[in-house]
Each structure stands twice: as C-alpha cells, then as structure tokens.
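Remarks on the structure that follows.
The model shown is predicted, which means the values in this text are computed figures rather than measured ones. Just so it is clear: chains get the letters A, B, ... in the order the sequence lines come, proteins before strands, and each one is counted from 1.
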Protein chains: 2
Amino acid sequence: MKLFTKEEIEKVIRLDNRVVAVVEEAFNDLVQKKVQMPPIMRIDVPEHNGEIDIKSAYVAGYDSFAVKLSSGFFDNDKRGLPSASGMMLLLNSETGIPKAVLADNGYLTEVRTAAAGAVAARHLARENIKTVGVIGTGAQARLQVKALKLVRGFDKLLVYGRTPEKTAQYQKDMLQDLDIDVEIVSSPEEVVTESDVVITTTPSTEPLIQAEWFHPGLHITAMGSDAEHKQELESSVLERADYVVCDVKAQSLRLGEMRSCNDQRVIDEAIELGEITAGNKQGRINENQITVCDLTGTGVQDTAIARFAYDRLTE
Amino acid sequence: MKLFTKEEIEKVIRLDNRVVAVVEEAFNDLVQKKVQMPPIMRIDVPEHNGEIDIKSAYVAGYDSFAVKLSSGFFDNDKRGLPSASGMMLLLNSETGIPKAVLADNGYLTEVRTAAAGAVAARHLARENIKTVGVIGTGAQARLQVKALKLVRGFDKLLVYGRTPEKTAQYQKDMLQDLDIDVEIVSSPEEVVTESDVVITTTPSTEPLIQAEWFHPGLHITAMGSDAEHKQELESSVLERADYVVCDVKAQSLRLGEMRSCNDQRVIDEAIELGEITAGNKQGRINENQITVCDLTGTGVQDTAIARFAYDRLTE
C-alpha cells in the first residue's frame, strides 16, 4: 500500500477542466452504472465540537473505489488549525485490498466539491452572465468561484460575509487571484438581487436566501448544507424556483435543502444532476428560468477524484 | 501522520492477557462512558463477492479514536489471497486530524475478535472445563481457542469443519501450537454434546447448532454471524439457553444471532457483555447454567486495540 502526502497530491491535481470532467463523469455513473453508495456514516465528537463523515461509493466495472473520511472540528481555529481535515483510501475492487492512502488533508474534497459546482453551473446557469455573488468567505467561497470561471465568463464578483475582517481578506485574495472586480456587499439580499449566479457556501443553520429576492434568469448553487441541522435556503426558494436539481435526492432530503421542503410536488419533480449530465433530462431551457441546485457531496465524486489522483500519482 | 505496517504491528501486539484486558476495558467503556458508536457502514461489491464494513467508536475522554475498515472478498482464495483484509485509522479526538494508519491487513481485528471471546468465556464459561469444541477451521477457529487458553485451562479440543483437508490442517497446526489433544469429529452435534465450551467461527447462513444437544453447564460463543444473511445458532438455542449475552444488542438484533429470535422475552432479557464486565450484572452463577454469547464485533474494540497498538508502536 502506498501513502501519498498532500504536497504530492497538490502537484498533480488542480482545480481545472480535467477535474470538472472527472466529476461530471461521476454524476453520469450515478445514473448509467450500478453504484453501491451507502448512506454517509457520521461520528459525532460533541466534547470537541467535531464530526467525522465517511463516504464511499463502488461503481461496477471500476478496478478501485474510495472510502473518504472528512472531519470538521469547529474549535480548531482557536488552536490555529483549519477545521476541516481528512483522507481518502483507495481499495482494489476485485480483492478489497487497500491500494493507497491519499493523505490529502481534505484537499481532494475541496477540489471535487468545487468541481461539482462547476458541473451544476455548466448545465443550469445562463450562458452569458456578468455578475456572480457568493455568500461565505471560506475555502469553498474561493474555490467555487474559481471553478465557475472554468465554465462561465464573468467580470464582477459580489461577496457577503458575516465577519468583516474575513470578508476583506476574501476580497483582497480574490482580486489577486482573478482578473475581475470584487465588491463587498452588506446583505445576502444584495448578493441575490444583483447577481446572475449565486453560490452559498456557509455552515448556516438559519436560511439566508429568500424567494422574494428572485429575478428572472437567476441560478443558485447551495453547497453549504450537508447535515440535519444546516440550512441556507428558505423553503420557499425551492417551492418558487422553476427547476430544482440536487446531487442525490435521498441525501438532499436527509441532509440538504430539500429537508426543509414541505411541498411534495417540489420533491417529486426535483431531479438529480446526473440525469442532466447523462442527457436524460434537460438543463436550463431558457434565459428566464430560475434554477436551484443543492449539493450535499457524494461518494461517487470521491471515488472519481481518488482514482484520478492515483492515476496521476503513479503514471 | 504515521503509517505502520503489519510487520511492525505484529512485533508489538500479540494475543495475550494484556490484549484481553484492553478489550475487556472497551466493553466496560460501552456501559460506563459516553460512547458515540454509529451503525456499521457496509459497502457491497457484488461483482467480486466482496463486502467492506466500516466501524468506529468515539469514547468520551480518550484523546484518539479509530475508524476501521475490514473487507471480506470471498473469491480471493481462487487467487491465493486471504479473503479478509483491512486497516485502522487513528484520529485525534480533539482536532479530528489523522494520527496514524495502522496498515494491519486485518491483524488487529483478528486479535481483538479473539480477545472478546476470551472476555466472554472468562465471565460465562465454567471455571473448570476439560473439553473445548470449535466449529470452523479458519483464522478465528485458531485464535479463539488460543484466547480461551488465556482464561481457562483445558486439555482436549474437538473440531468440526466442512472441508476434510482444511480440518486436517487445523488439527496439525493446533497440535503443534497447543499442548493438548486435538480430535476431528464428524458433526456439530458431536462437538456440542462432548464439549464444555463451544465456539462457532463460521460464515454459515444456515443454523449449525440445535438446542436439543444442550447439556448442563454448556457455554457457547457464536462469533461468526455479523451480517443480515448469516446464522450459526438455531433460534431455539437462544430461547432455551438460561442466559443470553451479546456484545451490542442493537447490532445482534440486526446482524447477529438475535436477528432470528422471535421470542420477545429472550430479546428483553438478553444482556450486553459490558454490563457483566462492568459488574452491573452477574456472569455465570452456577455449574449447570447454559450460557450463550453472541459476538458481532464492535467499534469500541477497534478503538481500544488501535490506541493500545499506537501506544506500543510509539513508546
């Protein structure tokens, strides 16, 4: 069994179009192949405000698959440590024998999560957009915007964050990294009313976005909620959107934005991203549609990026 | 993060009284401490007759805990490979950051599983026994008997196995390893009627042991069933035993021998091994009691042995 460090993995895996294609293929697999994807295993560590999630997916026909641990320990910043860490294990599908430990410290999860946002936007955002709005100022608030840049051109970024210092740092960093305007705004409402595409990236437990702020052509990707107590979108957002998409419906109903939806019609009509990427369902059909995509994070994405990383690391 | 190989781990961890004490302490923890032990996560790989189980347990107050992968790929013997493999990951309880990969290839699971059998026998088998019977001829059929030797003296071992060559090899190996008689018998019935302690170690999907063969003072440890389709004991065995014990009741009801029990009284009265080790309930109370213990394997055992191994490896 081989162990690869984060430094080694960062050298071969970047958030680029190849990774977006790999993650898009993973969503296809969910629809087109036999996939064994058990419910997420969660271990709570209440004494230290921590949680570990374990995800996995075996895709029939692939010679390996991943088991992924990701942790969030929310007292870590008091110690000067990042709250997220984790690793991926790659197992031989024919023998069950471990092939590799990808000690990526959460890096591959960050990349595959951002890539899923790009996949959603590719199929659901308008072709021509000018302004992107982001809520949150953490790692995904950065990576989701960079991933979107791979599939859509835009020249303005609005950001709303709760902590002024973090928001200012975000503005500074993004101005440096991307050749676009970056403006700080004072409310989620301002983000939504002035943006063509909105990305929510927070661990919020209270809804941040209201359907009242909708305007024609809006696309929202909500990637923050991945647990029973989290919620970024008011339930009316799903009810009043024209098109509701999620990564895995069962998971969105348990851990994502669909959990707070009381309208059975919305739940019944919501479709999975893989149905669009595989061509079974349409993406956006006109300039005026209001589209929402809820991403909770899936084991097939982990298996896809772990396999891709292993191939790059050993080629 | 450190990676330790099976060879390194085997040097510091052996099936001995220290390990039995560590596993007994883990059963105490289940009763005496706050434990977060989520249901087992299972990934099926039907194309290759394989399955991966993931177990974990966080015990409040301990500075680390384990996540354990164990795989059973039952076509592996056609390739000359063992069906079982796996590894343990040790995580820092305060930060969630991985401390170590114990690439033990299933070794620690074998040891902690056998140690649990010794813990059960220590509390449930008669003090003075002469004959031990084992059903099955695999790794656990060997280790369970060796673990029992740590807590009870006996001078005769009976074995029943389905495959004559494997049974003959078992006899040969055990004669070499232990200073006792080892006899091959021709049926599970013969094992039960002639033994004081019986250990079942098979992946059987059909019950092997019948209550009709009971005799006063018998103790049975059934450690084979750990999945919805497995069963070693006829349901009447639990109904007619005087005392039914299991490692974790919820798990035995889902994956172990209690799954096939239709008698609610038996389920209600069954107790967990930790209640006995912690002194809240009695073990065997007389020479004539017929006792049964069902072991499905628990995350606290994994956390206990992983922590113990890490301490030995880094001291």
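- Residue contact with chain A, scored on non-hydrogen atoms closer than 4.5 Å, involves the side chain of B/Phe65 exclusively.
- Contacts between A/Ile97 and chain B at a heavy-atom distance below 4.5 Å involve backbone atoms as well as side-chain atoms.
- If you measure heavy-atom distances from A/Pro39 to chain B, the contacts under 4.5 Å come from the backbone alone.
- When heavy atoms are compared at a cutoff of 4.5 Å, A/Val101 approaches chain B solely by way of its side chain, counted from C-beta outward.
- Taking the charged nitrogens against the carboxylate oxygens, B/Glu47 and A/Lys34 have no contact shorter than 4.0 Å, which rules out a salt bridge.
- The CG atom of A/Leu89 sits 8.0 Å away from atom CD1 of B/Ile54, with the distance rounded to the nearest 0.5 Å.
- Pairing each heavy atom of A/Ser85 with each of B/Pro98, the nearest pair is OG-CD, 4.0 Å.
- Between chain B and the options A/Ala103, A/Ala84, A/Pro82, A/Ser56, heavy-atom pairs under 4.5 Å are most frequent for A/Ser56.
- Proximity to chain B is absent for every atom of A/Lys78, based on heavy atoms less than 4.5 angstrom apart.
- At a 4.5 Å heavy-atom cutoff, the contact between A/Leu81 and chain B is made by side-chain atoms alone.
- Residues B/Asp44 and A/Tyr58 come closest through the heavy atom pair O-CD2, 3.8 Å.
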Check against side-chain contact (heavy atoms from CB on, under 4.5 Å), A/Leu3 and B/Met1 | CA-CA 10 Å; A/Leu3 185 145; B/Met1 192 181 57; 3.7 Å; yes
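- Once rounded to the nearest 0.5 Å, the distance linking CD1 of B/Ile52 with CD of A/Gln36 reads 12.0 Å.
- Per-residue counts of heavy-atom pairs under 4.5 Å with chain B were compared for A/Thr5, A/Ile40, A/Asn49, A/Leu69; the largest is that of A/Leu69.
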Go through B/Ile43 and A/Leu91 one step at a time and tell me if the side-chain contact (heavy atoms from CB on, under 4.5 Å) criterion holds.
-> CA-CA 12 Å; B/Ile43 308 135; A/Leu91 307 175; over 6 Å; no
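- A 6.0 Å sphere centred on CZ of A/Arg162 holds no more than 12 heavy atoms belonging to other residues, nucleotides or ligands.
- The part of B/Met87 that comes within reach of chain A is its side chain, from C-beta onward, which places non-hydrogen atoms under 4.5 angstrom from that chain.
- Within a 6.0 Å radius of NZ in B/Lys166, no more than 12 heavy atoms belonging to other residues, nucleotides or ligands are found.
- Atom NE2 of B/His48 sits about 8.0 Å away from atom CG of A/Asn92, to the nearest 0.5 Å.
- Only the backbone of A/Arg42 has a heavy atom closer than 4.5 Å to any heavy atom of chain B.
- Note on A/Ser71, A/Ser93, A/Ser83: by heavy-atom pairs under 4.5 Å with chain B, the leading option is A/Ser93.
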